[in-house]
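Take a look at the structure set out below.
Starting from 1, each residue takes its place in the sequence as its number.
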Amino acid sequence: MTGDVPGTLTHTAVPALTGPAVAGITRLSAVDTVRARIALAVELRLLAPGEQLPSDADVAAALDVSEITARRAIKSLAEEGLLRRVRGRSGGTFVAETAPAVTAGAGSAVEIYRADAEQVHRLIDQRLLAETSLTHLAAVSASDDDLAELDAAVAAAATAQDWSEYHAADERFHLAVARAAGRPALVGLYEETLRRLYAYFIPYPIAYLHEVNAEHAALAAAIRGHDLETAVALAERHVAVLHETMFVGLEQD
C-alpha cells in the first residue's frame, strides 16, 4: 500500500524467493495481531488522529479474526490511549487526537511484525510470480461471467467507505482474476499466498485505496480487450509496488 504521502511512490520489484514465510507473527495471539496492525497504522499515520474506525464486526472481518477478538484488542488499545471509545448514538471508536507513542504492550507485537520484513518481501514476490501468470491466462480465456465479476469487484471497491469494506472488494477482485485464468489448481496456490500476505494487511486511507482501485479498473479493461502485454504489465506494477507501500516499505523512509 503506501510512503509518507500515499500515491507518490515508484514501482520496483525486489527478488527474494527462498526461506519460510509468516514465521514471526505465528508467535502472536489473535488479539495481539489486531493490536499490532492497528497500532502500526496509527504510528505510520495511515489512521489519522480523530479518525473513526469501522465497527468491531467490520474490523474483525477485514483482519480475519472473530468479533470478540477485535473487540478485546480495540478495548486494550483504548485503555493504552491509542484509541478512544465514545458511547451513544454518535459514538464509536476513534484514533486518539493526541495518541501517545506505542506502549510496551502493543509495541512488542508491533516489533514482531517489523521483524517479519524479509518474509513479507518474499511473499510479495511469490504473489508477483503467480499474479502475472494468472493475469496472462485470464487475458486469454476470461468468460463474460468472469468479466462481470471483475466489474462488480471494481464497483464495490469504488463505493467502499473505509479500509475494511475496500479490503473485501480487493480480495474479491484478485480472486476473480485468478479464477478467470481457468486453472483451478493454480488458483489454490495463489489464494494460499494471498492469504498469507493478507496476514500483514494494516489499515490504509480510503482515498489512497480508491486510487489503487483505478489500477483494478485498468487491469479489468486490459483483460476484457485480450491485451496480454498490458494486462501483465499492470499486474506486475500493481503487486511489485507493495515492496514500497506496505508497512515494510514505509518504514524505510
Side-chain angles (χ1 to χ4, degrees), residues 1-2 6-7 9-17 21-22 61-62 64 120-160 163-201 204 206 208-246 249:
M1 322 189 219
T2 98
L9 305 164
T10 57
H11 295 54
T12 56
V14 180
L17 300 176
V22 199
D64 196 24
V120 174
H121 287 301
R122 288 194 190 103
L123 283 169
I124 292 168
D125 281 315
Q126 289 167 6
R127 177 180 171 185
L128 181 64
L129 287 176
E131 191 113 19
T132 52
S133 298
L134 289 166
T135 297
H136 180 277
L137 293 168
V140 172
S141 60
S143 67
D144 289 343
D145 286 345
D146 293 327
L147 295 171
E149 177 62 10
L150 292 178
D151 291 341
V154 169
T159 58
W163 54 269
S164 64
E165 287 183 26
Y166 182 89
H167 184 62
D170 179 78
E171 180 176 7
R172 178 182 179 183
F173 177 83
H174 288 289
L175 290 177
V177 172
R179 293 179 184 124
R183 304 289 178 87
L186 294 180
V187 174
L189 294 172
Y190 170 74
E191 187 169 4
E192 179 184 355
T193 298
L194 190 66
R195 295 197 183 285
R196 292 169 76 187
L197 188 55
Y198 277 164
Y200 293 97
F201 166 79
Y204 280 78
I206 189 60
Y208 169 74
L209 295 175
H210 283 157
E211 291 178 11
V212 172
N213 191 46
E215 298 177 7
H216 291 166
L219 180 54
I223 292 172
R224 174 176 279 104
H226 304 293
D227 185 346
L228 277 62
E229 183 176 352
T230 298
V232 171
L234 286 167
E236 189 276 338
R237 178 181 174 88
H238 187 75
V239 177
V241 75
L242 296 177
H243 285 296
E244 300 169 23
T245 58
M246 286 186 72

Can you give me the closest heavy-atom contact between [X] and [Y], atom names plus distance?
| X | Y | value |
| --- | --- | --- |
| Thr193 | Leu123 | CG2-O, 3.8 Å |
| Trp163 | Tyr204 | CB-O, 3.5 Å |
| Thr132 | Leu128 | OG1-O, 2.8 Å |
| Ile124 | Met246 | CD1-SD, 4.0 Å |

Among residues at least two apart in sequence or on other chains, which ones pass side chain to side chain contact (heavy atoms under 4.5 Å, CB included) with [X]?
| X | value |
| --- | --- |
| Ala231 | Thr135, Ala139, Leu219, Ala222, Ile223 |
| Ala153 | Arg172, Phe173 |
| Glu192 | Arg196 |
| Ala169 | Ala156, Ala157 |

For this session: Measure the shortest side-chain to side-chain distance between Asn213 and Tyr166 over non-hydrogen atoms and say whether it is less than 4.5 angstrom.
Result: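 They are in side-chain contact.
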Exercise. Just wondering, do Leu234 and Glu215 contact through their side chains at under 4.5 Å, heavy atoms?
Worked result: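 Counting from C-beta outward, Glu215 and Leu234 never come under 4.5 Å.
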Any chance you could measure [X], atom [atom1], to [Y], atom [atom2], to the nearest 0.5 Å?
| X | Y | atom1 | atom2 | result |
| --- | --- | --- | --- | --- |
| Asp145 | Leu150 | CG | CG | 11.0 Å |
| Gln126 | Leu197 | CD | CG | 9.5 Å |
| Tyr198 | His174 | OH | NE2 | 5.5 Å |

For this session: Apply side-chain hydrogen bond (donor to acceptor under 3.5 Å, both in side chains) to Ser164 and list each qualifying residue two or more places apart in sequence or on a separate chain.
Result: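 Partners of Ser164 by the side-chain hydrogen bond (donor to acceptor under 3.5 Å, both in side chains) criterion, ordered by chain and then number, come out as Asp162.
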For this session: State which residues pass side-chain hydrogen bond (donor to acceptor under 3.5 Å, both in side chains) with Ser143; sequence neighbours excluded, sorted by chain then number.
Result: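 For Ser143, the residues satisfying side-chain hydrogen bond (donor to acceptor under 3.5 Å, both in side chains) (neighbours in sequence not counted) are Asp146.
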For this session: Using only heavy-atom distances, determine whether the side chains of His167 and Asp170 contain a donor-acceptor pair under 3.5 Å.
Result: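 On atom types as modelled, these side chains do not qualify, holding no pair under 3.5 Å.
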Exercise. What pairs meet the side chain to side chain donor-acceptor pair (under 3.5 Å) rule with one or both residues in residues 176-190, with sequence neighbours excluded?
Worked result: Glu131-Tyr190
Exercise. Which salt bridge (Lys or Arg N to Asp or Glu O under 4.0 Å) pairs, counting each pair once, include a residue from residues 220-234, with sequence neighbours left out?
Worked result: Asp151-Arg224
Exercise. Is the backbone of Ala138 close enough, under 3.5 Å, to the side chain of Ser141 for a donor and an acceptor to pair up by distance?
Worked result: no
For this session: Begin with the C-alpha distance, continue with both residues' side-chain angles, and end with the deciding distance and a verdict on side chain to side chain contact (heavy atoms under 4.5 Å, CB included) for Arg127 and Leu242.
Result: CA-CA 10 Å; Arg127 177 180 171 185; Leu242 296 177; 3.7 Å; yes
